[in-house]
Amino acid sequence: MSFYVTTPIYYVNAAPHLGHAYSTIAADIMARHMRQRGQDVFFLTGTDEHGEPVALAAEREGLTSQELVDRNAPRFIDLMPRLNVSNDFFIRTSDAGHKAKAQEVLARVRDNGHVYEGVYEGWYCPRCADFKTDAEAGEDNLCPIHKTPLEREKEDNYFFRLSAFQDDLLKLFDEQPDFVMPRHRYNEARSFIESGLQDVSLTRSTFTWGVPVPWDDSHVFYVWFEALLNYYTALSYAKEGEDLTDRFWPAQYHIIGKDILKFHTVFWPAMLMAAGIPLPEHVFVHGFLLIGKDKMGKSAGNAIDPFTIMDEYGTDALRYYLMREVSFGHDGSVSLEGFRARYESELANELGNLASRTIAMVHRYRDGVVPDTALDAGLAAEIDGVTGEVREMLDRADLTAAGDAIWLRVRRLNRYVEEQAPWALAKDPARAGELDRVLASLAEGLRVIAVVLYPWMPESTGKLLAALGSPSVQLECARMQAGRLGAISKLEQLFPKP
Ligand code: MSP
């Protein structure tokens, strides 16, 4: 089975912040989990490099647009290994391979009769690279997102006949109720379609930084249409000498933030229909990371730098925090205080402590060898349940529920230690068999948790599994089995106080 998951491609003219890390980590967890299941996975992320905002920023800095994107793209390229993100390819929309394929697809949209020539007049926000409706512009003609003045633009455009796809889109939403997830976002997209679709500009002719329109070189494609195509074009050139399109298209999941819903759930499927390309299975729309009540972002100037947190606490802690703190699909506040609190209470005191005391007790009471004995059946059933739950939850991208299901088991094992009190059993030689069973059950439980938790925290769980002498992270290993572990090594503290 193949599994193709994507993140949005990031605008290069801003520094990466926690919001960008969030989309990317979520997609990484899904990619890693599907690899654990033995699926053939392709995971794509990248940068969105064309459009007027980039051209304007370059002009301000006295650079060419290409120089600006070449200077800025590495910030995002370098972020990926720092986040321990396992993307299979990093697309830049200035890649020759992307441009050629995008031109091919959009020419097909025109050949299929969905493009016409006209004049566009409307309110345009250069920072959004998007036209606004009169209702959005309001009386003051301000961008509803940036609160900056909109520009009245009039230009020759080629139009995409979006309005012709209204019925097909509604049919898609009827037939595939999980095309857009979660449900409240499906409803939002659907009512946007029901409210009536207007044709949209497919090209721009007032600047040149973009993919040239093959049938008219005085135009470049409107950046959004070309950028959306990245999900499709990447497969055609990501691997030298092999076109991966048949192997991975259509994508299973596009992970996106709620601000780009209209593009991904309305424009994108319509464009694919127009080109005769199969549609992706799901668009999962997550919420915003908030600082207090405000969206975190460069415009608000309140962005948290992911590098600072990672330098101090490590990458796993950041990955864990973002996924636990903010319910996936909803907005949620983040803060450095909240981060520190969760680090201490959950990572250090719950998981870290469970790991260190389990391993220490096997060393202290059994010379570092996990006893080969029957496990506690009740506990095993509780722990084993997690694997199926996580599978099923991640099939529907419910990262929050999956994280909760795993953490329930971390807490269960800690309770088990308290209930069984191995230190008391160790004092009574007649209860050696019981102690064997408790230690073996704990060590196995810890191993199973490390396997299911691996996509969230690949580094720490890797260390833990190595110490347990059982490095495999295949999901089929996430089952309690007596005699699975033998001699184990020592473990450094997983989540030290910084
Ligand atoms: N370039 C477009 C996407 C094109 S996809 C074909 C874009 N780029 S972006 O850099 O502005 O944003 C990329 C993603 O980061 C979006 O999904 C956006 O929702 C997400 N985030 C940016 N700030 C965010 C938060 N404060 N919280 C969570 N995610 C947010 O849009």
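Hydrogens, waters and symmetry mates are skipped; everything else that's a heavy atom, side chains included, is used. As the structure lists them, so they are numbered: ligands from 1, and atoms in each ligand from 1.
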Separation between CD (E61) and CG (N13), nearest 0.5 Å, reads 9.5 Å

Inset, instruction - Measure the distances from the heavy atoms of Y231 to every atom of ligand 1 and state whether one is below 4.0 angstrom. - result: yes

Atom 18 (C) of ligand 1 has as its nearest protein heavy atom D259 OD1, 3.5 Å

One should read off an interatomic distance between F42 CZ and D88 CG, to the nearest 0.5 angstrom, of 5.5 Å

Discussion item. Please report whether ligand 1 has a polar contact with Y22, defined as an N or O pair separated by less than 3.5 Å (distance criterion only).
Written reply: no

Donor-acceptor contact present, side-chain W249 to main-chain P278, <3.5 Å:
yes

Atom 12 (O) of ligand 1: closest protein heavy atom, distance to 0.1 Å, is H20 CD2, 4.2 Å

Output for pair (Q252 CD, D395 CG), nearest 0.5 Å, gives 10.5 Å

Query raised in the report: Does any N/O atom on D48 come nearer than 3.5 Å to any N/O atom on ligand 1?
Result: yes

Flag the pair D404 and R324 as a salt bridge only when some basic side-chain nitrogen lies within less than 4.0 angstrom of an acidic carboxylate oxygen.
yes

Would you please indicate if the ring centroids of Y320 and W407 are separated by under 6.0 Å? yes

Nearest non-hydrogen protein atom to atom 10 (O) of ligand 1, with distance, is Y11 N, 3.2 Å

Is ligand 1 less than 4.0 angstrom away from at least one heavy atom of G297? no

Near A227 (heavy-atom distance under 4.0 Å), the atoms of ligand 1 are 6 (C)

The answer for which part of W224 has a heavy atom under 4.0 Å from ligand 1 is side chain

| query | Is I9 close to ligand 1, meaning an N/O of one under 3.5 Å from an N/O of the other? | reply | yes

protein heavy-atom neighbour closest to atom 26 (N) of ligand 1 works out as M296 O, 2.7 Å

Distance col, row E226:CD vs K101:NZ, nearest 0.5 angstrom, shows 15.0 Å

min-distance protein heavy atom vs atom 13 (C) of ligand 1 -> Y10 CD2, 3.4 Å

Q) Does some non-hydrogen atom of G287 fall short of 4.0 Å from ligand 1? A) yes

One finds that the ligand 1 atoms under 4.0 Å from a non-hydrogen atom of H264 are 5 (S), 6 (C)

Residue, atom and distance of the protein heavy atom nearest atom 17 (O) of ligand 1 read G257 N, 2.9 Å

**Report entry** Face-on cation placement of R204 at Y124 ring, 6.0 Å and 45° thresholds
**Finding:** yes

*Check: R35/S86 side-chain N/O donor and acceptor closer than 3.5 Å*: yes

Check: Under a 4.0 Å N-O cut-off, is there an ion pair linking E346 with R411?
Finding: yes

Whether R82 and D78 form a salt bridge (side-chain N of Lys/Arg under 4.0 Å from carboxylate O of Asp/Glu) is what I want to check.
no

_Please verify the inter-ring angle class for F263 with W224; under 30° counts as parallel, over 60° as perpendicular, anything in between as tilted._
parallel

For H286, the ligand 1 atoms with a heavy-atom partner under 4.0 Å come out as 28 (C), 29 (N)

of all protein heavy atoms, closest to atom 22 (C) of ligand 1 is H17 CE1, 3.9 Å

Of all protein heavy atoms, the one nearest atom 31 (O) of ligand 1 is I260 CG2, 3.6 Å

Going by the 4.0 angstrom heavy-atom rule, the piece of L289 near ligand 1 is both

Ranking G51, S23, G332 by closest non-hydrogen atom to atom 20 (C) of ligand 1, top hit is S23

